Each structure stands twice: as C-alpha cells, then as structure tokens.
Number of protein chains: 2
Amino acid sequence: MIKLRDLEYLTAIDKYKHFGKAAQSCFVSQPTLSGQLMKLEEQLGLQLVERHRRNVMLTPAGEQLVKEARKVLQAAGHFESCAKALLDPFAGDLHLGLIPTLAPYLLPHIMADLNTSLPNINFFLHENQTKILLQQLDEGKLDVLILPYLADMDKFESYKLFDEPLMLATPKSHRLANKKELSLSDLHGEKILTLADGHCLKDQAMGYCFSAGAKEDNSFQATSLETLRHMVASGMGITLLPALAAQGNLASDTIQYGKFQSPVPVRGISLVIRPNYSRMQCVRSIVASVRKSLSRIIT
Amino acid sequence: MIKLRDLEYLTAIDKYKHFGKAAQSCFVSQPTLSGQLMKLEEQLGLQLVERHRRNVMLTPAGEQLVKEARKVLQAAGHFESCAKALLDPFAGDLHLGLIPTLAPYLLPHIMADLNTSLPNINFFLHENQTKILLQQLDEGKLDVLILPYLADMDKFESYKLFDEPLMLATPKSHRLANKKELSLSDLHGEKILTLADGHCLKDQAMGYCFSAGAKEDNSFQATSLETLRHMVASGMGITLLPALAAQGNLASDTIQYGKFQSPVPVRGISLVIRPNYSRMQCVRSIVASVRKSLSRIIT
DNA sequence: ACTTAATCATAGCTAAAGCCTATCAATTAA
DNA sequence: TTAATTGATAGGCTTTAGCTATGATTAAGT
C-alpha cells in the first residue's frame with residue numbers, strides 16, 4: 001500500500017530538485033527522504049528520479065506519477081479540511097422525531113429557541129407514531145425523539161423535558177364543563193372518546209380513565225387530535241387532551257378545557273437518543289433549550 | 001498525517017457495519033481495525049462510528065468523511081494503476097536529439113525499424129547543433145542524442161553506432177571528379193567549402209583537410225549541407241560530405257561523390273545519454289535497432 | 001432465568017518501519 | 001590541492017501497526 005508521506009516526498013523532490021531542500025520542506029532529514037524515495041521506487045518497480053551530483057531530475061515516469069501524487073494529496077487534504085469543518089459539534093443535520101399528538105402543538109413553542117441556540121443545526125422534523133420512531137431511531141434514520149418515555153424504551157437513553165398535563169375537553173353544555181376543582185374521579189361513569197390504536201396518548205389517557213372508572217367509547221376512534229377535538233366540539237362526547245393541544249383556545253367557543261386538581265394526570269415528555277449517540281453536546285443544548293422554552297408555557 | 005490504511009478501514013466499516021467482517025475484508029484482525037479506527041477518530045477529534053453490540057452505524061460526520069475517504073482511495077488507486085502502466089520499460093515518450101548534418105539523412109533509414117522494434121515508444125525528434133543538444137540532454141529536455149562522440153563529452157555515456165565515411169563532393173568538371181583510388185592527400189592545395197561555425201561536421205571535416213594540406217574557403221560558409229551541396233553543384237568548389245548525405249545520388253548529374261581509400265576519413269556516430277538514465281533497456285534496444293539498420297547501408 | 005453465542009473493547013507483546021545522527025563518496029569550485 | 005556541496009550508506013532508536021488472548025456486554029435460545 002502506497003503511503004501518503006512518500007507522495008509528499010516525491011512532490012517535494014519535484015518542487016526543489018534537491019534532496020536536502022526537499023527534505024527540509026518535509027521536516028525530515030535528507031537520508032530519510034532519500035531512503036523513503038528509494039523504497040517507493042523499489043515498491044513501484046520503476047525509477048522515478050535521476051540522481052546526479054549537480055542535477056536531480058524526474059524520469060518521465062516520475063513526472064507522470066507526480067501529477068497523480070498531487071491529486072491524491074489534494075483529495076487527502078480535502079478529507080482533512082472536511083473533518084475540520086465537521087469538528088463543530090453544534091453544526092450539521094439533525095433528524096428529530098415527534099409523535100403526532102405532540103408535534104403540531106409543541107414545535108411552535110420550541111423551534112424558534114432551538115434555531116437561536118443552535119443556529120448551525122439543520123433540523124429535519126419527522127412525525128410518526130412511537131413504535132415507528134423508535135425503530136427509525138435504532139436504525140439511525142433519526143437522531144433524536146421527543147415523546148412520552150415509557151418503560152419499554154430502556155434500551156435507549158432519555159432526558160425528561162417536561163410533564164404535560166392532560167386536560168378534560170368537554171362540550172360547553174356538558175355537566176363537567178363548568179365544574180370547579182375538577183378531579184379524575186369525576187370521570188366515573190363517563191364514556192371517553194379516544195384516538196385510534198397506535199397512538200400512545202390513547203393508552204396513557206385511557207389508563208387514567210379506567211382507573212377513574214370511566215370507559216372507552218368504542219363507537220369511534222379518531223385518527224388525529226383535531227378530529228377528536230371536532231368530535232367534542234360537536235357534542236359527541238368528552239376526552240382527555242394534552243395541555244399543549246388544549247392551549248390557544250382552539251374552538252374555545254364550543255369546547256371547555258378543564259384542569260384537573262391533584263393528582264394531575266400528566267404524560268412525561270422526554271428526549272430520547274441512542275446510548276453512545278455521537279453528538280451529546282448537541283443533545284444537551286436541545287434539552288436545555290426545550291426546557292427553557294417550556295418553562296414559559298407550562299406552569 | 002492521515003494514513004490510507006485508516007481510510008480503508010473506515011470504508012470497510014461503512015460497507016459491512018460490522019467490525020469483524022470489515023476487519024476480515026481488510027485482512028487484519030478485529031482488534032487491529034478497532035484500534036486503528038479509534039485512533040483515527042481521536043486524531044480527527046470527532047466520532048465517526050456509533051458502536052452498539054447489535055448495530056454499528058456511522059455518525060453523520062462519518063458518513064460525510066467516508067465519501068471523502070473513497071475519493072482519496074480512488075485517487076491512490078489511480079496512482080498505482082498508473083505506475084503499473086508505466087512499468088513497461090518499452091513504452092512512453094522519448095525525445096531524440098540529432099544534429100542537422102545527420103538527421104535528414106539518417107532518420108529515413110532508422111525510424112521504420114525503431115518503430116517496429118519499439119512500437120509503444122513515441123519518438124519526438126529534435127534537430128539542433130551539438131552544443132545545444134548536449135545542454136538539453138543535461139537538462140533532461142532530451143533523452144537520447146545521436147551525434148559524433150567527441151572527447152569533451154566524457155561526462156555522458158555513449159554507445160558507438162557506426163562510422164560514417166566522409167566523401168569528396170566535386171563538380172563533375174573538377175580534376176578529382178573521375179580520379180580512381182582517391183586519397184586524402186589528393187586534397188593538397190585545394191580550397192574546401194565549409195559549413196558555418198557551430199556545426200561539428202565543419203570541425204571534423206576541416207581537421208582531415210588541414211592535415212592533408214587543404215585550406216578552408218573563407219569566402220562563404222554554408223548554413224546547411226543542402227546549401228553546401230548546391231554550391232558544389234554550381235561549381236563553386238569542393239567539400240567533404242558525410243556518406244549518408246551523399247547517398248541517394250542527389251544532384252548526381254552535376255556532382256561526383258568520391259570514396260577515399262584508406263585511411264578513410266570518418267566521423268564516429270554514437271548514441272549519447274546521461275549516465276544513470278532510467279530507461280537503459282530502451283536505450284539498448286535503440287542501439288541494436290540502429291546498428292542493424294545501418295549495417296544494411298554502410299558497408 | 002440461565003446459558004450460549006455474538007461482538008466490540010482492552011491488554012500485552014512483537015516485528016517492522018520511519019526517523020535520526022554520523023559518515024562516506026563523488027563532484028564542483030576556488 | 002583544498003574546501004564545499006550533495007546524495008548514499010550504516011547503525012541505532014522509537015514509534016506503531018499488527019497479532020493473540022481475554023474481558024464485558026448484549027441478544028437469543030433453552
């Protein structure tokens with residue numbers, strides 16, 4: 001295998017036509033350059049340099065190979081400068097995965113801050129259900145997920161970002177619409193509208209509801225939170241909505257959003273990465289940025 | 001300095017996503033590849049590979065640098081294949097220098113054979129006076145000279161090709177035109193037309209003439225053998241012409257070419273190269289080819 | 001749950017290679 | 001003839017790329 005150093009020696013000889021000066025330019029002794037060049041010639045099986053006391057010159061083969069050598073060294077130099085440019089741990093592309101019940105409500109609150117604190121990171125956003133996100137994270141297609149951390153994700157590493165309260169969404173006409181001091185136990189006997197299977201929010205929300213004695217309304221399953229919200233708005237039933245989705249008074253004329261008193265049902269939103277993920281500095285910045293953004297919103 | 005071997009390891013990891021298999025493809029042990037890759041990462045200051053038991057993947061930086069690495073390796077490969085192509089000692093360009101009193105008369109006799117015996121050599125022909133040719137040979141602008149070898153060329157290496165007799169060129173009307181058993185001493189008292197200074201033929205021819213008691217006609221100096229021939233043809237005088245220039249019966253209706261009896265005046269034509277010239281095999285072929293070509297012409 | 005297999009990292013060693021200083025040999029210039 | 005220049009040679013030192021053996025961790029199978 002050719003060595004890059006030898007190619008440097010060769011180009012230096014071509015430049016200086018003098019072993020001593022060429023060696024000096026390579027910061028080695030003259031015997032070193034002399035010896036290595038001879039080895040290279042032996043290795044290639046052809047003479048590259050014509051040696052005379054007064055006059056060193058390249059053979060035709062040497063001339064031609066110097067051109068090739070320069071190309072190789074140029075490519076190697078590009079490799080190194082490329083590596084140097086990549087040294088900035090706060091630069092490059094980053095693929096961020098979020099679940100559908102979080103992305104549209106969270107992103108408006110965090111992206112501005114993220115782009116400010118990590119100006120050289122290009123965020124690519126991916127919206128999918130938990131299972132798919134985890135698989136893509138594992139495959140390396142995604143770098144970072146933001147989703148509720150569950151026990152079965154213990155092969156990954158997670159950083160808690162915030163707890164998102166679940167709020168009760170009711171039609172204005174509903175009996176719970178104007179109740180103060182709302183508690184989970186108030187759900188007893190209610191039928192709850194839910195999302196379709198696969199959305200982790202469904203499992204979490206129904207977990208709270210079951211334990212409170214409420215039941216799932218099996219007559220319909222919404223494919224998105226917005227569908228769910230519209231169903232509540234049109235009086236079809238009640239549901240639990242994450243705080244961020246309830247915020248902003250969407251359909252506030254027809255829907256009442258109620259806060260639960262303690263124990264407040266929440267879903268814990270975490271940032272999830274592969275263990276050994278290479279850009280930990282970046283991850284720490286993201287965690288800090290999102291926490292800061294959220295602290296202004298979730299009390 | 002980056003090492004090409006490390007770049008091979010990196011691309012192998014990219015290909016196999018598996019240290020053991022990548023190492024096998026590079027014909028090294030797994031710990032070797034593992035260690036070298038870690039060194040590379042440390043050297044660049046950035047992580048290239050995300051290591052998991054089940055799943056090895058490149059970091060974004062790694063992905064990008066693998067592309068650069070491939071370019072470097074491709075250039076290196078081209079260097080080596082280029083070297084292999086140059087291995088053939090009987091291929092490539094060769095710059096051949098000849099003097100003006102030889103080139104037009106010798107080349108027709110030798111080029112066909114040279115091109116046959118060295119089909120992959122591209123001969124570039126250069127016609128100049130001895131002094132210039134020697135300087136260009138020394139500078140490496142020329143590879144091989146064909147000219148009369150003189151004592152002051154002892155810093156070069158020479159191979160005798162043939163002895164070219166010098167013939168007497170006279171107008172048909174000249175007193176020596178029809179003389180049989182021509183001898184140098186017959187030149188006694190004659191005035192000899194000569195070439196301009198700088199042509200080595202002038203010095204050689206006049207050397208023979210002086211020692212025979214002839215003198216130089218200072219009224220004119222020809223700049224080429226053809227001019228000289230025309231001057232003889234038009235009755236302006238006599239001169240010595242090299243046999244190859246006299247051959248072919250040029251202007252044979254007006255000029256008589258006479259052979260000298262022994263001692264025959266000759267100029268010894270040699271092939272001259274730099275000592276240590278890299279393509280000796282080629283030189284030997286040229287010498288052999290020219291000698292063979294000439295043996296058919298000069299008796 | 002325990003065992004086995006797979007896989008990458010670590011430790012310790014060896015051999016080769018690159019580099020150095022000192023010196024030689026050959027040439028050129030004074 | 002002498003001194004200076006220049007590339008090659010000799011011998012030794014240090015680094016490093018490579019190996020084998022082993023450890024640690026995870027995935028999978030019984």
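A, B, ... follow the sequence lines: proteins, then strands. Residue 1 opens every chain. Everything numeric in this text was worked out from a predicted model, so none of it was measured.
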Between [atom2] on [N] and [atom1] on [X], what's the gap in Å once rounded to a whole number?
X	N	atom1	atom2	answer
B/E50	C/dT7	CD	P	18 Å
B/D6	D/dT16	CG	C1'	11 Å
A/Q36	C/dA16	CD	C1'	12 Å
B/M38	C/dA9	CE	C1'	6 Å
B/L37	C/dC8	CG	P	11 Å
B/Q24	D/dC19	CD	P	12 Å
A/Y9	D/dG7	OH	P	16 Å
B/N276	D/dT6	CG	C1'	14 Å

Measure the CD-CD distance between A/Q43 and A/Q36 for me, rounded to the nearest 0.5 Å.
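If we round to the nearest 0.5 Å, A/Q43:CD and A/Q36:CD are 10.0 Å apart.
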
Kindly check if the number of other-residue, nucleotide or ligand heavy atoms within 6.0 Å of CD (A/Q24) is above 12?
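Result for CD/A/Q24: open.
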
Atom CD of B/Q47 with >12 non-hydrogen neighbours under 6.0 angstrom:
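Counting other residues, nucleotides and ligands, CD of B/Q47 exceeds 12 neighbours.
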
B/R51 vs C/dT7: side-chain N/O to OP1/OP2 distance below 4.0 Å
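Answer no for this pair, as no side-chain N or O of B/R51 is under 4.0 Å from OP1 or OP2.
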
Give a yes/no on whether any side-chain N or O of A/R5 is located under 4.0 angstrom from OP1 or OP2 of C/dA17.
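Negative; the distance criterion is not met.
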
Side-chain ion pair, [X] and [Y], N-O less than 4.0 Å:
X	Y	value
B/D14	B/K17	yes
B/K39	B/E42	no
A/R5	A/E8	yes

Under 3.5 Å, which N/O atoms of the protein pair with N/O atoms of nucleotides 20-23 of chain C?
from   : atom 1 : to    : atom 2 : distance (Å)
C/dC20 : OP2    : A/S29 : N      : 2.6
C/dC20 : OP2    : A/S29 : OG     : 2.9
C/dC20 : OP2    : A/T32 : OG1    : 2.8

Using the closest heavy atom to pick a nucleotide of DNA chain C for each, name whichever of B/K21 or B/G35 lands nearer the 5' end.
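Final value for this comparison: B/K21.
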
Please work out which of the three classes, parallel, tilted or perpendicular, describes the rings of A/H95 and A/F124, given edges at 30° and 60°.
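Rings of A/F124 and A/H95: parallel, under 30°.
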
Tabulated below should be each protein N or O lying under 3.5 Å from an N or O of nucleotides 11-14 of chain D; please produce it.
none

From CA spacing to verdict: side-chain hydrogen bond (donor to acceptor under 3.5 Å, both in side chains), B/E139, B/Q135:
CA-CA 6 Å; B/E139 291 168 355; B/Q135 186 185 333; 3.2 Å; yes

From the options A/D138, A/L145, A/I273, select the one residue that forms a side-chain contact (heavy atoms from CB on, under 4.5 Å) with A/F156.
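When A/D138, A/L145, A/I273 are each tested with A/F156, the side-chain contact (heavy atoms from CB on, under 4.5 Å) holds only for A/D138.
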
If you check the B/H18 side chain, which of C/dT7, D/dG7, D/dT9 turns out closest?
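Closest nucleotide to the B/H18 side chain: C/dT7.
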
